[in-house]
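Positions are given from 1, in the same order as the sequence printed here.
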Amino acid sequence: LMHTAADAYHNALLDPKVEGQPEVLRYTQEKRGFSQSTISQFKIGYAPPGWTNMIDHLKTLGYTEAQMIEVGIAVHNEDTGRVYDRFRNRLMIPIRDERGRVIGFGARALNADDNPKYLNSPQTPLFDKSRTLFGLDAAKDAIRETETAVIVEGYMDAIQAHQAGFKNVVAQMGTAMTETQLRLLTRSAKRIVLALDSDAAGQNATRRSLETARTTLQADFSGKLSLDIRVLQIPDAKDPDDLIRETPDRWAEIVNNASGVAEFVIDMETAALPVNAPVQEREAVARSLLPILTASENNLYNHDNVQKLALRL
């Protein structure tokens, strides 16, 4: 059912007879900057306006409303009893598992007044966002070859990276990395680069992701298993999508020069600390940072990280 729905959305994006298709295809190619080969590779699609387009299509193929509701394609309104399409007038991005099977959708609103701007499939028997990394099916070979996985915030960022030739990029599904997502990557990656957005929400998500990494990997966090976690900070508060489109060569340079965990968390936690802050405030910062800075059994890492913090405080 999900594979069939993905095909139908994709065909709608390419069919000039579908309502609104020319404008949406132009938006996809010009505003989002996706090539025809990228549109085909990721099977980007279009859910036209209308309440039952997908329901009607799937019914002709023998699927039931109950099945559509179970996988999140349709919604049942308990007050009215109506069943209607979850996705309407949206750009559709199929979400696949690591074996390439469609398990959900990400949908970007095409009308500025539609909320939310991004709408994902709900949790279903197929789709659990905490256990999914967008693009892993396309990225896993490159991650294995480079031993490096780059994690971005949104699926648009990931698609743009793959189009530019950066094939080891995946997107987290949710506001911060989860233990299951991290373990999916540690099978083949020895280096993980967090490249989340530069705004406050993105920086806080990075901090939560680092805490997840610390508790998941425990003593291995700072290098015992040669797992190197880095944090990429994009200048001028741009997101990866914009930077890769404007200056792809700079993206590669920034990824290679991503900061170590210690530098990132010390910079983040001390940014608002006055130069002459009282000792109690400096102690509070130290107490919040020491667990993540001393997460390795390797005393050399611990000593170096604590010295960095001591110099800053």
Side-chain angles (χ1 to χ4, degrees), residues 6 32-44 93-104 106 129-174 176-197 202 205-206 209-210 212-213 216-217 220 223 225-234 238-261:
R32 303 308 316 192
F34 294 146
S35 67
Q36 187 57 53
S37 62
T38 295
I39 291 170
S40 298
Q41 178 190 352
F42 287 91
K43 202 173 276 190
I44 297 170
I93 312 293
I95 299 168
R96 299 180 172 96
D97 65 13
E98 59 184 309
R99 292 169 58 184
R101 300 173 298 186
V102 179
I103 56 174
K129 67 180 182 181
S130 70
R131 308 177 72 85
T132 305
L133 286 165
F134 176 83
L136 185 57
D137 60 309
K140 59 185 179 183
D141 289 343
I143 291 172
R144 191 176 299 110
E145 289 166 12
T146 63
E147 298 185 331
T148 299
V150 181
I151 303 175
V152 293
E153 194 165 312
Y155 34 74
M156 296 298 189
D157 298 321
I159 294 172
Q160 197 63 245
H162 280 253
Q163 178 171 283
F166 306 112
K167 306 289 188 183
N168 63 337
V169 177
V170 297
Q172 63 187 32
M173 305 293 303
M177 189 167 57
T178 67
E179 178 179 340
T180 307
Q181 290 170 337
L182 185 64
R183 293 199 183 282
L184 281 172
L185 294 175
T186 54
R187 296 174 187 171
S188 49
K190 291 185 177 178
R191 185 172 188 246
I192 292 176
V193 180
L194 294 173
L196 307 186
D197 288 358
T206 300
S209 295
L210 292 174
T212 300
T216 301
L217 301 169
D220 307 329
L225 287 182
S226 303
L227 182 67
D228 181 17
I229 296 186
R230 299 269 159 177
V231 179
L232 183 154
Q233 299 190 72
I234 300 175
K238 290 180 179 177
D239 60 28
D241 185 356
D242 292 332
L243 180 70
I244 292 168
R245 272 194 279 176
E246 293 169 14
T247 52
D249 292 342
R250 197 167 182 213
W251 169 260
E253 177 189 340
I254 292 174
V255 169
N256 289 333
N257 295 324
S259 303
V261 169

With sequence neighbours excluded, what pairs up with S130 under the side-chain hydrogen bond (donor to acceptor under 3.5 Å, both in side chains) test? D128
Does D242 come within less than 4.0 Å of K238, counting only side-chain N to carboxylate O? no
Side chains of Q172 and K129: closer than 4.5 Å at any heavy-atom pair? no
Which atom of T186 lies closest to which atom of R183, heavy atoms considered: OG1-O, 3.2 Å
T212 side chain to M177 main-chain N or O, any donor-acceptor pair under 3.5 Å? yes
For a quick test of reading the model, state the closest non-hydrogen atom pair linking A171 to A158 and the distance between them. CB-CB, 4.1 Å
Measure the shortest side-chain to side-chain distance between L194 and V150 over non-hydrogen atoms and say whether it is less than 4.5 angstrom. no
S40 side-chain N/O to Q36 backbone N/O, donor-acceptor pair under 3.5 Å: yes
Sequence neighbours left out, what passes ring-ring contact (aromatic ring centres under 6.0 Å, His included) with Y155? Give chain and number order. Y118, F134
Can you see whether S35 engages S37 through a side-chain donor-acceptor pair at a distance of less than 3.5 angstrom? yes
Between the main-chain N or O of A195 and the side-chain N or O of E153, is there a donor-acceptor pair closer than 3.5 Å? no
Of all the heavy-atom pairs spanning E98 and L136, show the shortest one and how long it is. CB-CD2, 3.8 Å
Which donor-acceptor pairs under 3.5 Å do side chains of residues 247-257 form with protein atoms, sequence neighbours excluded?
from: T247; atom 1: OG1; to: L243; atom 2: O; distance (Å): 3.4
from: N256; atom 1: ND2; to: A252; atom 2: O; distance (Å): 3.2
from: N257; atom 1: ND2; to: E253; atom 2: O; distance (Å): 3.2

Go through R131 and L184 one step at a time and tell me if the side chain to side chain contact (heavy atoms under 4.5 Å, CB included) criterion holds. CA-CA 9 Å; R131 308 177 72 85; L184 281 172; 6.0 Å; no
Is there a side chain to side chain contact (heavy atoms under 4.5 Å, CB included) between R230 and V261 once you walk through the steps? CA-CA 6 Å; R230 299 269 159 177; V261 169; over 6 Å; no
Under the criterion side chain to side chain contact (heavy atoms under 4.5 Å, CB included), I'd like the reasoning laid out for I103 against T132: C-alpha separation, chi angles, the key distance, then a yes or no. CA-CA 10 Å; I103 56 174; T132 305; 3.9 Å; yes
Decide yes or no on side chain to side chain contact (heavy atoms under 4.5 Å, CB included) for Q160 and F166, but give the supporting numbers first. CA-CA 9 Å; Q160 197 63 245; F166 306 112; over 6 Å; no
How about R32 and M156: do any of their side-chain heavy atoms sit closer than 4.5 Å? yes
Would you list the pairs meeting side-chain hydrogen bond (donor to acceptor under 3.5 Å, both in side chains) in which at least one residue belongs to residues 135-152, sequence neighbours left out? D141-R144
Which atom pair, heavy atoms only, marks the closest approach of P240 to I234? N-CD1, 3.6 Å
Residue list, side chain to side chain contact (heavy atoms under 4.5 Å, CB included) with A149, at least two apart or on another chain: I143, L185, A189
Testing the basics here: between Q233 and S259, what is the closest heavy-atom pair and its distance to 0.1 Å? NE2-OG, 4.0 Å
Could you list the residues that satisfy ring-ring contact (aromatic ring centres under 6.0 Å, His included) with F42, not counting sequence neighbours? H162
Closest heavy-atom pair and its distance - Q163, G33: NE2-O, 2.7 Å
Given the options V170, L182, D157, I151 meets side-chain contact (heavy atoms from CB on, under 4.5 Å) only with V170
